[in-house]
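Every heavy atom of this structure was used, including side-chain atoms; hydrogens, water molecules and symmetry mates were not. Residues take their numbers from the sequence shown, with the count starting at 1.
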Amino acid sequence: MTMQLINHLTLRVSSLDQSEVFYDVVCDYLGYFKHSRNGALILYRQKEGIGDLIIMRLRKAGTGKSYDNEAPGFGHMAWNADNRKQVDDLHKLLKKHKLKILDAPCEMNYSRGYYAVWFEDPDGMKFELAHTPHQSPENNTKKPKRK
């Protein structure tokens, strides 16, 4: 069985209003639209294909706690970019809206051609947009069968 694409991801945030400003900018650029906002959640849907991002306000019991990127659980999430220009364009958009950039676009040695920008939401959750040309399906080759 091959792992399928993610159907949806739910992120819990401390302020729906602050998070909405951040996710409206990022999600629109990444090909999502705001499907709905009601009560304690915002639903962003992909403009093409399947994949929802759900932003949900914490219950009262969760207030006062902050995101800890050293604790077990969510580390960071990376979206795929088709090319380096998309990474650079998102970086410009983040700067324009004064959103927190952790690392400006650069090449990393994770794989040949790996190029990414890292940023975080108002709660400190880390995100990345990465162009990884040598991790694309076109560059995956099946291992030859042994005789």
Can you find a heavy atom in the side chain of [X] that is under 4.5 Å from one in the side chain of [Y]?
X      : Y      : value
Arg57  : Arg12  : no
Leu93  : Val26  : no
Leu102 : Lys126 : yes
Leu53  : Leu11  : yes
Trp118 : His91  : no
Tyr44  : Leu9   : no
Ile42  : Lys34  : yes
Val21  : His97  : no

If you take all heavy atoms of [X] and [Y], which pair is closest and at what distance?
X      : Y      : answer
Pro133 : Gly113 : CD-O, 3.4 Å
Ala116 : Val87  : C-CG1, 3.7 Å
Ile55  : Ser19  : CG2-CB, 4.1 Å

Would you compute the distance between atom [atom1] of [X] and atom [atom2] of [Y] and round it to the nearest 0.5 angstrom?
X      : Y      : atom1 : atom2 : value
Arg45  : Cys27  : CZ    : SG    : 13.0 Å
Leu30  : Gln46  : CG    : CD    : 9.5 Å
Ile101 : Phe119 : CD1   : CZ    : 9.5 Å
Ser36  : Leu43  : OG    : CG    : 4.5 Å
Met77  : Leu129 : CE    : CG    : 10.5 Å
Asn80  : Thr132 : CG    : OG1   : 5.5 Å

Worksheet item: Do you reckon Tyr29 sits in the same ILVMFWY cluster as Tyr32, going by side-chain contacts under 4.5 Å, direct or chained?
Response: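 Yes, Tyr29 connects to Tyr32 through the hydrophobic network.
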
Looking at [Y] and [X], is there a salt bridge between them, counting it only when a charged N and a carboxylate O are closer than 4.0 Å?
X      : Y      : result
Glu120 : Lys100 : yes
Asp17  : Arg37  : yes
Asp28  : Lys47  : yes

Item to complete: Give a yes or no on this: more than 12 heavy atoms of other residues, nucleotides or ligands lie within 6.0 Å of atom CD of Gln18.
Response: no

Worksheet entry | Stepwise side-chain contact (heavy atoms from CB on, under 4.5 Å) test for Val25 and Leu99 | CA-CA 9 Å; Val25 170; Leu99 300 176; 4.1 Å; yes

Practice prompt. Check the pair Leu90 / Lys92 against side-chain contact (heavy atoms from CB on, under 4.5 Å), numbers first and verdict last.
Written response: CA-CA 5 Å; Leu90 178 60; Lys92 290 175 192 168; over 6 Å; no

Worksheet item: Is there a donor-acceptor contact under 3.5 Å from the side chain of Asp123 to the main chain of Ser14?
Response: yes

Discussion item. Strictly distance-based, threshold 3.5 Å: is any side-chain N or O of Asp52 a donor or acceptor partner for the main-chain N or O of Ile54?
Written reply: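 No; judged by distance alone, with no hydrogens or angles, the pair does not exist.
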
Worksheet item: Stepwise, does the salt bridge (Lys or Arg N to Asp or Glu O under 4.0 Å) test hold for Glu107 with Arg112?
Response: CA-CA 9 Å; Glu107 279 198 24; Arg112 199 166 34 121; over 6 Å; no

Worksheet item: Between Phe127 and Phe22, how do the two ring planes meet: parallel, tilted or perpendicular, split at 30° and 60°?
Response: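 Because their plane-to-plane angle lies in the 30° to 60° range, the rings of Phe127 and Phe22 count as tilted.
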
Discussion item. Tell me whether the rings of Tyr110 and Tyr114 are parallel (<30°), tilted (30 to 60°) or perpendicular (>60°).
Written reply: perpendicular

Worksheet item: Without hydrogens or angle criteria, can the side chains of Tyr115 and Asp88 be said to hold a donor-acceptor pair below 3.5 Å?
Response: yes

Practice prompt. Compute whether any side-chain donor of one residue and acceptor of the other, for His131 and Gln86, lie under 3.5 angstrom apart.
Written response: no

